[in-house]
Amino acid sequence: MQSLQALMVLSLCGLTCGYSHRERSHELMTRYPLIDGHNDLALKLRIHHNNRLSHVDLYNATKVATDISRLKAGHVQAQIFAAYVLCTAQQMDAVRLALEQIDVVRRMCTEYQDFALVTSTHDLRDSEMHHKIACLISIEGGHAIDSSLPVLRMFYQLGVRSMSLTHTCNTPWAESSSKVYDVFQRKNNSLTDFGKAVVEEMNRLGMIVDLSHTSWDTASAVLKHSKAPVIFSHSSSYSICNHSRNVPDWLLHRLKNNRGLIMVNLYSKFISCREEATISHVAAGVIHLSFPDHFDHIKRVIGADSIGIGGDYEGATSFPRGLEDVSKYPTLIQELLERNWTESDLADVLRRNFLRVFEEVERVRDSLSSQPPSEVEIPLEEVQNPCRLVLRHPDPRGAPMDKISPSRAGHGSAGPLMVATVLLLYSLFVIE
């Protein structure tokens, strides 16, 4: 009889404690709703609907893990949506494709009243006050700027506030963690002079530098060079899962010194180093390994004030059981509460850390406001793109301008280039 009573007490306690943690997670996320670092819904809109928003209901979308109803259920108050462009578009139409992805995010976030397109920390806080889901735009893959600082600046004008320097391919100026594409191979030069100019211009603009997908050497070089904090928008711990997309402890320490942020990725392959995982693998450890979980491990190495969440929904192909879509974030927070994370630590992870980083990026921008836009150009021999046109005065012998090879054309100075452009436009208007 006593055994039965004890069992009933334990069962009741288990139910009560579980209910308490579940309620606490929702209550905490009501007060500190999530800012998530990475979502590829725009990519799925292209794949399934060719960016035709009229063909999809974003309140109840099919074939995806993200829609407005589930974002609300998951207490997601702000989402960084990626404008992702395939690496195969590098040196082709990457800029056009990036513009189209930015367009679909801007349309999505202005046509649906529950969304609000934001570009600043002030906008973020304002959107929370008005109970809107804030949309921030990020470019995923630096090849989208076609090695051009003017293109980078124009993306900023369109509302882009973050860019990952690489995706799964090297750019002419930065190195990827992936070896999928054998392009722009360099030795001992993971961040070129032009790459440093990209980082400097992003600092000047107030655009967050994202190191997810970069090689460790590139990430290390950026951390030494950037004046502003940086983020890993969707990466996890290499000590828990030794995948090249994850971040080793020595690099975490450098991130801490930079006052930056690692936003933990929930892709099963990066969590458990296999295609399947559970919530416990995210928050408790992985099979066959005695390491602590990704969150606990990173917290122990650099503290809770350097951690965020970057789910990677719509970009990754599999997620831990129990975290199948964006509505399930409270389950993750419940798991961390059960592992004795404080509410203050979780408030940092959910939103306060990202707000701090974004505010510091804006402060660096303000401190650099007297600097003019950078006019650094990448050397043509580094781009290695035969399709890259260099404007010159028309050849008097009648050779078309686009037949003048970059190797023969060289850079020229800004003055002759401007004169040539004016003459060309003048000739076109006269002809018409």
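The model shown is predicted, which means the values in this text are computed figures rather than measured ones.
Salt-bridge check for Asp146 with Arg388: passed, with a basic side-chain N closer than 4.0 Å to an acidic carboxylate O. Here Arg356 pairs with Glu360 in a salt bridge; the nearest charged N to carboxylate O distance falls below 4.0 Å.
Ile378 approaches Trp173 most closely through the heavy-atom pair CD1-CD1, 4.1 Å. Residue Arg161 comes nearest to Gly206 through the heavy atom pair CD-O, 4.2 Å, listed as atom of the first residue, atom of the second, then distance. In plain terms, the two heavy atoms of Leu252 and Val247 that are nearest each other are CD2-CG1, 3.7 Å. Taking each heavy atom of Gln90 and Phe184 in turn, the nearest pair found is OE1-CE1, 3.6 Å. Annotation for Ser318 and Tyr267: closest pair O-CD1, 3.1 Å, computed over non-hydrogen atoms. Of all non-hydrogen atoms in Arg245 and Asn265, the two that sit nearest each other are NH2-ND2, 3.6 Å.
Side chains of Glu201 and Val376 form no contact here, defined as non-hydrogen atoms less than 4.5 Å apart. No side-chain heavy atom of Pro330 sits less than 4.5 Å from a side-chain heavy atom of Arg22. By the 4.5 Å heavy-atom criterion applied to side chains, Cys241 and Ile271 are not counted as neighbours. At least one side-chain heavy atom of Ser268 sits less than 4.5 Å from a side-chain heavy atom of Pro320. For the pair Asn246 and Ser237, the minimum side-chain heavy-atom distance is 4.5 Å or more.
Between Phe81 and Phe115, the ring-plane angle classifies as perpendicular under the 30° and 60° cut-offs.
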- Item | Step-by-step side chain to side chain donor-acceptor pair (under 3.5 Å) determination, Gln101 to Asn51 | CA-CA 8 Å; Gln101 293 309 96; Asn51 286 355; 2.9 Å; yes
- After noting the C-alpha distance and the side-chain angles of Thr171 and Thr166, does the key distance pass the side chain to side chain donor-acceptor pair (under 3.5 Å) rule? CA-CA 7 Å; Thr171 67; Thr166 69; over 6 Å; no
- Audit row: Leu45, Leu58, side-chain contact (heavy atoms from CB on, under 4.5 Å) steps and yes/no: CA-CA 10 Å; Leu45 291 174; Leu58 286 181; 4.2 Å; yes
- Query: What do the steps show when you test Ser239 against Asp249 for side chain to side chain donor-acceptor pair (under 3.5 Å), and what is the final call?
  - Reply: CA-CA 7 Å; Ser239 290; Asp249 289 354; 3.2 Å; yes
- Task: Show your reasoning for whether side chain to side chain donor-acceptor pair (under 3.5 Å) applies to Thr121 and Glu362.
- Result: CA-CA 8 Å; Thr121 53; Glu362 290 177 331; 2.7 Å; yes
- Message: Using side-chain contact (heavy atoms from CB on, under 4.5 Å), reason through Asp305 and Lys256 one step at a time and then give a plain yes or no.
- Response: CA-CA 9 Å; Asp305 59 350; Lys256 176 73 171 182; 2.7 Å; yes
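Aromatic ring centroids of Tyr84 and His167 lie under 6.0 Å apart.
Here the options are Lys72, Glu128, Arg351, the test is side chain to side chain donor-acceptor pair (under 3.5 Å), and the partner is Gln77; only Arg351 passes.
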